[in-house]
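Count residues from 1 along the sequence.
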Amino acid sequence: MTGRPGRGAPRPQPTESLADLLGGRRGAVDATVPPVAFAVGWLLGGNSLAGGVAAAVVAGAAVAGWRLRRGDRPRSVLVGLLAVCVAALVALRTGRAEDFFLVQLVANAASALAWMVSIVVRWPLLGVLVGVALRQRTRWRRDPALLRAYSRGSWVWAATYVLRVAVFLPLWLGGQVVALTVARVALTWPLVAAALAGSWVVVRRSLPAGHPGLRHPVTLDGDAGPGPEWADSGTGPTEK
C-alpha cells in the first residue's frame, strides 16, 4: 500500500552524505572559526593566552548555538564545542599558545594511522563510511572490485592527514601561532573538497567496465542480482 504516513508516524531520518561523514562544510566551520578567534584574541591581547582562549570559547559557543538553531544533531554540535574546550584547556595547562593546536595535530596523526591500518587489514574506511551512508552494512566487502576501489580511494584520505601533520608539526615546534591558524583554515574544507573529488575519481577508475557502481555491490553469493561475467565466475579483481 502507498499513501501519506499518518500524523503520528515518525519521520524518516535524513541520510548523511559522504561529505557530512568525512567532514563537510559545517564541520569546517567548527574547525576554522574558533582557531581564528583564538589567534585574533591572542594578538589583540598582546600575545595574551587568556585573551585567545576566551575568544575561542566564545566563538565555539556561538558556532554551537548557530548549528543548533539550524537543526544539527546535538551530539555533533557538542563534540565540536568539546574539542574547542579541550584545546583551550591544553593551552592553559602548558602556558603555550601554540598548544591550542596540539589536539588537532595529534588527531590528524591518529587519523592518518587509522586510515592506513584500515587499508592493510582490508577494511578501508572509505568503504565503511560509504557503506554506512548507503545503508549497505558490509555487503560492499563481498564485492572484490569495490573492496579494491575503496582501498585505493582510502589512500587519498590518508594522504590528506599526512599532509596536515607535515605542515602543522614544524609550525607547532616553531611556536608559529598565526601560521598555524592560516594552515588550519587552508587545510580544512578546501582539502576535504579536494579529497572528496580525488577519491571519487580513484574509485570510479578502479572499478572494472560493466560494474553497476557504488550503490549496487556485485557479490559472489548473488544477493545483488546478476552481475558481469567476472563476478559470476569468481575471477574478479583481487586486492594487490
* ILVMFWY cluster, V86 and W42 together (side-chain gap under 4.5 Å) -> yes
* To do: Tell me, please, which residues at least two apart from T94 pass side-chain hydrogen bond (donor to acceptor under 3.5 Å, both in side chains).
  => D99
* So, for W157 and V192, which heavy atoms are closest and what is the spacing to 0.1 Å? -> CH2-O, 3.9 Å
* What heavy-atom pair brings R184 and F168 nearest, and what distance separates the two atoms? -> N-CE2, 3.8 Å
* To do: With the side chain counted from C-beta on, respond yes when V117 and W123 share a heavy-atom pair under 4.5 Å apart, and no when they do not.
  => no
* Structure fact -> Correct closest heavy-atom pair for A55 and G41 would be CB-CA, 4.1 Å
* Would you check, one step at a time, whether the test side chain to side chain contact (heavy atoms under 4.5 Å, CB included) holds for W200 with L214? => CA-CA 10 Å; W200 172 251; L214 307 185; 3.3 Å; yes
* Asked: Going from CG on L134 to CG on L129, what distance comes out if it is rounded to the nearest 0.5 angstrom?
  -> 11.0 Å
* Can any side-chain N or O of Q176 pair as donor or acceptor with the backbone N or O of G174 at less than 3.5 Å? -> yes
* Grab the two heavy atoms, one from P124 and one from S154, that are nearest each other, plus how far apart they are. => CB-OG, 3.3 Å
* Could you check if a side-chain atom of W140 sits within less than 4.5 angstrom of a side-chain atom of V128, using non-hydrogen atoms only? => yes
* Asked: When you check the side-chain N and O atoms of R164 and S111, is any donor under 3.5 Å from an acceptor?
  -> no
* **Any V203 side-chain heavy atom under 4.5 Å of L126 side chain** => yes
* **Close side-chain approach of S151 and R148, heavy atoms under 4.5 Å** => no
* Nearest 0.5 Å please: distance from the CZ atom of R215 over to the CG atom of L146. => 12.5 Å
* Nearest 0.5 Å please: distance from the OG atom of S76 over to the CG atom of L81. => 11.5 Å
* To do: Rounded to the nearest 0.5 Å, what's the gap from CZ on R93 to CG on L102? Could you check?
  => 14.0 Å
* To do: Is it possible for you to say whether V185 and V167 belong to one hydrophobic cluster, with membership spreading through side-chain heavy-atom contacts below 4.5 Å?
  => no
* Just by modelled atom types, is the L44 backbone N or O under 3.5 Å from a matching donor or acceptor in the S48 side chain? -> no
* Value rounded to 0.5 Å, distance of CE in M116 from CH2 in W155 -> 6.5 Å
* Asked: Would a hydrophobic clustering, with Ile, Leu, Val, Met, Phe, Trp and Tyr connected at side-chain separations under 4.5 Å, put V84 with V103?
  -> no
* So, do Y161 and L113 sit near enough that their side-chain heavy atoms are less than 4.5 Å apart? -> no
* Asked: Is L187 reachable from V162 through a run of I, L, V, M, F, W or Y residues, each pair having side-chain heavy atoms under 4.5 Å apart?
  -> no
* For R141, does its backbone N or O pair with a side-chain atom of Q136 as donor and acceptor, under 3.5 Å? -> no
* **Residue pair S199 / G153: nearest heavy atoms and the distance that separates them** => CB-O, 3.8 Å
* Joint cluster assignment, L173 & V178, ILVMFWY side-chain distance < 4.5 Å -> yes
* Closest approach of G213 and L207, non-hydrogen atoms and distance? -> CA-CD1, 4.4 Å
* Test item: L171 and F101 side chains (from C-beta on) under 4.5 Å apart, heavy atoms -> no
* Asked: Distance from R96 atom CZ to L49 atom CG, nearest 0.5 Å?
  -> 11.0 Å
* **Distance-only donor-acceptor check, side chains D143 and H216, under 3.5 Å** => no
* Within-4.5 Å side-chain heavy-atom neighbours: S206 and R152 -> yes
* Side-chain heavy atoms of T181 within contact of F38, under 4.5 Å -> no
